[in-house]
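Structure first, commentary second.
In this chain, numbering begins with 1 at the start of the sequence shown. Indexing begins at 1, ligand by ligand and atom by atom, following the structure's order.
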Amino acid sequence: MHTSMAGTGIFTDILDGDVYKYYSDGEWKTSSSGKSVAIINPATRKTQYKVQACTQEEVNKVMEMAKSAQKSWAKTPLWKRAELLHKAAAILKDNKAPIAESLVKEIAKPAKDSVTEVVRSGDLISYCAEEGVRILGEGKFLLSDSFPGNERTKYCLTSKIPLGVVLAIPPFNYPVNLAVSKIAPALIAGNSLVLKPPTQGAVSCLHMVHCFHLAGFPKGLISCITGKGSEIGDFLTMHPAVNCISFTGGDTGISISKKAGMIPLQMELGGKDACIVLEDADLDLVASNIIKGGFSYSGQRCTAVKVVLVIKSVADELVEKVKAKVAKLTVGPPEENCDITAVVSESSANFIEGLVMDAKDKGATFCQEYKREGNLIWPLLLDNVRPDMRIAWEEPFGPVLPVLRINSVEEGINHCNASNFGLQGCVFTKDINKAILISDAMETGTVQINSAPARGPDHFPFQGLKDSGIGSQGVTNSINLMTKLKTTVINLPTPSYSMGDGFISRL
Ligand SMILES: NC(=O)C1=CN([C@@H]2O[C@H](COP(=O)(O)OP(=O)(O)OC[C@H]3O[C@@H](n4cnc5c(N)ncnc54)[C@H](OP(=O)(O)O)[C@@H]3O)[C@@H](O)[C@H]2O)C=CC1
Ligand SMILES: O=C(O)[C@H](O)COP(=O)(O)O
């Protein structure tokens, strides 16, 4: 087990003075821009790390290398690709400590959760290697006589081929996990990969990329370009060498999808996941799921519970139970594993505060006093929220949760479906028949019955409807999305039905 700190030990190569390098052509490099981008520690609000501000020429170079490296990678046997991925996964897990440390410092993720993110990422890489070996090794065989008017003269062989260069852009909240959830399927499927990490989270990503480097992947196959999305984002996403974009983040994804060329897109965007609570629900179970779903990582999860829709008759009891649990949440530094830590940036904290003040002006009931110090916002449950309040519709991406009291299940479903988001939702009831009907009626990519929304386990399909996304994630779906079908048709001179009598005479 390695105990090195970020940027030390096996990671010293990735640092140049106090600025982290970018990764291109199998080497760690300093940008010719001479400029760096500061990563602010959300808790201290001081510069924690610096990364290179890469130039357009450096992007061009990386794309050129990615194109040529992909050609030979596609000819590398599948089992060898899988072997390298397993190696990268092992190195990553072995070095969880320094990577988790960077997560704590640049995105204020609690220390334990940061370790979990790295371990989960290693497991995802390995699972992807195993799944890839199975599903990419299989194809389809079709015979022509199953379609009207055809004899059995055509044998159609279908296999999956890579797309080329995949551009991966993960968000700040799971920089490592949502990077490898794009990298591993791309690579196992025979693609090359260009990573643009989120600025908050870039250093954790650079450490993770170094684990792939140490595993011995060919030069140019994986690259990592750092810099502000607002500055180099368009150049990357509109680059002619890119054959697929896999993006997770906010509304930026909507503008990317309008600008991208005719290439497959995998978009995982925002959510306003509703928690519908029926009167027969186990309210203790609901309350603990609201705490876990609404407040883990301070609500900065796309799958966080973002609105509670509870039937009026049980609302008082539920709110009391949730209030009691909110009072037990610890608030403070991520290093101390506090439940609630500073949100990612000052602008994010200001946005959350704006939603809270709007709710205050419009008469929401504050279950706790609103408290903020810097980027640290104390957990807040807002009761009696009405549809004219912004927080009924917008995602705070922070530890603030609205409760709307509803008269009927239909009212809850209508509220959920009126949202422009459609990521996940959940319903709590002991009546499984009702749960299924409600699940069918909810316009979201996933509905959880009697549990809070969640993307994991990472091999489950994960998709959003409406503004929440394009395509589906989860290991198998990502591998499929990053491939294209190729068919070869064998045309026979005469129909061939069996190996029985008369077969020689047909030749
Ligand atoms: N559905 C989901 O799985 C998730 C959804 N979200 C949503 O994302 C929001 C905030 O997360 P956040 O990370 O800030 O999301 P953003 O959409 O702001 O950023 C996501 C990624 O896109 C990059 N980026 C920014 N501008 C561009 C551009 N013009 N072209 C290409 N890339 C760009 C960012 O880089 P840089 O950091 O350098 O700006 C980052 O790597 C949340 O409010 C939530 O709605 C977040 C996480 C998960
Ligand atoms: O980006 C997110 O917020 C994640 O996809 C959520 O993942 P989780 O539900 O497994 O925490």
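For ligand 1, the atoms lying closer than 4.0 Å to a non-hydrogen atom of I256 are 30 (N), 31 (C). Atoms of ligand 1 lying under 4.0 Å from any heavy atom of G233, numbered from 1 in the order shown and given with element: 28 (C), 30 (N), 31 (C). Within ligand 1, counting atoms from 1 as listed, the ones closer than 4.0 Å to a heavy atom of C302 are 1 (N), 2 (C), 3 (O), 4 (C), 5 (C), 48 (C). Ligand-side atoms of ligand 1 in range of N173: 47 (C), 48 (C), range being under 4.0 angstrom from any heavy atom. Numbered from 1 in the order shown, with element, the atoms of ligand 1 that lie under 4.0 Å from a heavy atom of K228 read 38 (O). Those atoms of ligand 1 with a heavy atom of G250 less than 4.0 angstrom away are 7 (C), 8 (O), 9 (C), 15 (O), 16 (P), 17 (O), 45 (O). Interface atoms of ligand 1 facing K196, defined by a heavy-atom separation under 4.0 Å, are 35 (O), 36 (P), 38 (O). Numbered from 1 in the order shown, with element, the atoms of ligand 1 that lie under 4.0 Å from a heavy atom of G227 read 38 (O).
Taking 4.0 Å as the cut-off, R455 does not count as a neighbour of ligand 1 on heavy-atom distance. Put simply, no part of Y174 is less than 4.0 Å from ligand 1, judged by heavy atoms.
Relative to the ring axis of F295, R301 does not place its NZ or CZ within 45° and under 6.0 Å from the centre.
In terms of protein heavy-atom proximity, atom 12 (P) of ligand 1 is nearest to F172 CD2, 3.7 Å.
Of the candidates T226, V37, L269, the one placing a heavy atom closest to atom 1 (N) of ligand 1 is L269. Within the set E395, E394, Q300, K259, the minimum heavy-atom distance to atom 44 (C) of ligand 1 is found for E395. Of the options P170, P171, G229, the smallest heavy-atom separation from atom 41 (O) of ligand 1 is shown by P170. Distances from atom 7 (C) of ligand 1 to the heavy atoms of G270, G249, G253 show the closest one on G249.
Contacts of ligand 2 (protein heavy-atom distance under 4.0 Å) are R120, N173, Y174, L178, R301, C302, T303, A454, R455, G456, F462.
For K21 and S31, the side-chain atoms include no donor-acceptor pair closer than 3.5 Å. Between the side chains of S472 and Q463, a donor-acceptor pair is found at a separation under 3.5 Å. For the 3.5 Å distance criterion, the side chains of H210 and W28 qualify, holding a donor opposite an acceptor.
By the 4.0 Å N-to-carboxylate-O rule, K321 lies close enough to D284 to be salt-bridged with it.
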Scan the side chains in residues 123-130 for donor-acceptor partners under 3.5 Å anywhere in the protein, sequence neighbours excluded, and list what turns up.
residue : atom : partner : partner atom : Å
D123    : OD1  : K93     : NZ           : 2.4
S126    : OG   : G122    : O            : 3.4

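K484 NZ: 12 or fewer foreign heavy atoms inside a 6.0 Å radius.
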